[in-house]
Amino acid sequence: MKIVKTIAEVRAEVKEWRRQGLSVGLVPTMGFLHEGHKSLIERAVSENDRVVVSDFVNPTQFGEGEDLEAYPRDIHRDAELCSEVGANLIFHPEVSEMYAEGACTMVDMKGEMTTGLCGKTRPIHFRGVCTVVSKLFNIVTPDRAYFGQKDAQQLAVIKRMVKDLNFDIEIVGCPIVREADGLAKSSRNTYLSEAERKAALVLSQAVRKGQEMMESGETNLDRITDAMKGLISAEPLARIDYVEAVNAENIQPVHSTEDCEQVLVAMAVYIGKTRLIDNFIS
């Protein structure tokens, strides 16, 4: 496995793989890899001849006052995980490599897909996501790219962008990976104190509450999200950003399980100062 820092090196590797007739998978990450990332890489390795993992904390998706500087980084640990599961190449560029001096072109998406849910409190986030993912697609030219379902809105946005911009890439969504006690795996979990880590379980508890209500026959999504909010609000260290039900494909609000084929019930909750997300799809 190689670690490279330049676009030219990635393109040279991929060009050689293509010459050999090999398929290529891409797993875009911001590094500090955990079991969730590992599951994406394993899936990519099982479905492609060669796998590229990007390891880049993208500044354009962080707003003012967010945790860009504090975001955890550990390329040596990341490299061990990637090597262990069979990735072939890590692309670990500097910001200056991804964004040339004077760069003024961004990929933006209009409408509720990017202004709802996380877009309400992170207004530039998805513009940054779409821009960096487009760049990675152009650099790596993969056959398939792998994203986690925990970032369900991001997954929907990327699928829409691929369709709108005619990328010849299959987008593969992979299930949420959880700790033994239910907490969704996240690089930001490292920010939590012992008390906050315990309090954070309220997110997965709310997910289970919503799932149980649906399984018992409840079709009114407002009642489901209200019950989930009540459970979360009972935790003193929790502060709700949102708990909402939307169409999983286009992120439009829905109020009944009968309003669309797949319902996404998503949440963002602050535990202390740490913003965590979780969701389920039914």
Check: M213 main-chain N/O paired with S216 side-chain donor or acceptor under 3.5 Å: yes
E84/K38 salt bridge by N-O under 4.0 Å criterion: yes
Side-chain ion pair, D241 and R275, N-O less than 4.0 Å: yes
Any M161 side-chain heavy atom under 4.5 Å of V129 side chain: no
Ion pair check, E244 and K120, cut-off under 4.0 Å: yes
Worked verdict on V132 versus M98 for side-chain contact (heavy atoms from CB on, under 4.5 Å): CA-CA 8 Å; V132 77; M98 290 297 285; 3.9 Å; yes
Side chain to side chain, E9 and T6, heavy atoms closer than 4.5 Å: yes
Interatomic distance, Q61 atom CD to I124 atom CD1 [nearest 0.5 angstrom]: 9.0 Å
Min side-chain heavy-atom separation F167-V133 under 4.5 Å: no
Gap separating the CZ atom of F91 from the CD atom of E97, nearest 0.5 angstrom: 5.5 Å
Short side-chain donor-acceptor distance under 3.5 Å, D55 and T29: no
Residues R19, E16: salt bridge by 4.0 Å N-O rule: yes
Student check: side-chain heavy atoms of L237 and E196 closer than 4.5 Å: yes
Heavy-atom pair with the smallest gap, counting every atom of M113 and N250: CG-O, 3.1 Å
Transitive ILVMFWY side-chain link F56 to I75, under 4.5 Å: no
Residues V51, V85; criterion side-chain contact (heavy atoms from CB on, under 4.5 Å); working and verdict: CA-CA 10 Å; V51 171; V85 297; over 6 Å; no
Check: I271 main-chain N/O paired with E235 side-chain donor or acceptor under 3.5 Å: no
Test log, rule side-chain contact (heavy atoms from CB on, under 4.5 Å), inputs L276 and L192: CA-CA 10 Å; L276 301 176; L192 301 171; 4.1 Å; yes
Exceeds 12 heavy-atom contacts within 6.0 angstrom, atom NZ of K198: no
Smallest separation among heavy atoms of R43 and G173, with atom names: NH1-O, 4.1 Å
Student check: side-chain heavy atoms of K5 and E94 closer than 4.5 Å: yes
Interatomic distance, R50 atom CZ to L22 atom CG [nearest 0.5 angstrom]: 5.0 Å
Separation of D143 CG from E170 CD (nearest 0.5 Å): 9.0 Å
Close side-chain approach of D278 to I176, heavy-atom, < 4.5 Å: yes
Derivation of the side-chain contact (heavy atoms from CB on, under 4.5 Å) call for T114 and I251: CA-CA 8 Å; T114 56; I251 316 299; over 6 Å; no
Rounded distance [0.5 Å steps], OG1 in T121 versus OH in Y270: 5.0 Å
Cation-pi, F32 ring and R77 (6.0 angstrom, 45 degrees): yes
Neighbour count above 12 (heavy atom, 6.0 Å) for E249 CD: no
Shortest non-hydrogen contact between M109 and C130, atoms and distance: CE-SG, 4.4 Å
N138 side chain to K135 backbone, donor-acceptor under 3.5 Å: no
Exercise: identify the closest heavy-atom pair between G128 and Y99: O-OH, 4.5 Å
Sidechain N-carboxylate O distance under 4.0 Å for R122, E66: yes
Path from V53 to I3 over hydrophobic side-chain contacts below 4.5 Å: no
CD (Q20) with more than 12 external heavy atoms under 6.0 Å: yes
Linked, directly or transitively: L33 and V27 (ILVMFWY side chains, under 4.5 Å): yes
Separation between NE2 of H255 and CG of L221, rounded to the nearest 0.5 Å: 8.5 Å
salt_bridge(D67, R188) N-O dist < 4.0 Å: yes
Side-chain heavy-atom pair F62, M30 within 4.5 angstrom cut-off: yes
T131 to T105 - nearest heavy-atom pair and separation: CG2-O, 4.2 Å
Main-chain N/O of Q154 paired to D151 side chain as donor or acceptor, under 3.5 Å: no
Path from L136 to V4 over hydrophobic side-chain contacts below 4.5 Å: yes
Under 3.5 Å donor-acceptor, D49 side chain and S23 backbone: yes
Pair N48-R144, side-chain donor/acceptor within less than 3.5 Å: yes
Lys/Arg N to Asp/Glu carboxylate O, D164 vs K159, below 4.0 Å: no
Shortest non-hydrogen contact between K150 and A184, atoms and distance: CD-CB, 3.7 Å
Side chains of I277 and C118 in contact at under 4.5 Å (non-hydrogen atoms): yes
Y242 with V157, same ILVMFWY side-chain cluster at under 4.5 Å: yes
Backbone N/O of D222 and side chain of T225: donor-acceptor pair under 3.5 Å: yes
Result of checking K209, K229, E218 against I224 for side-chain contact (heavy atoms from CB on, under 4.5 Å): E218
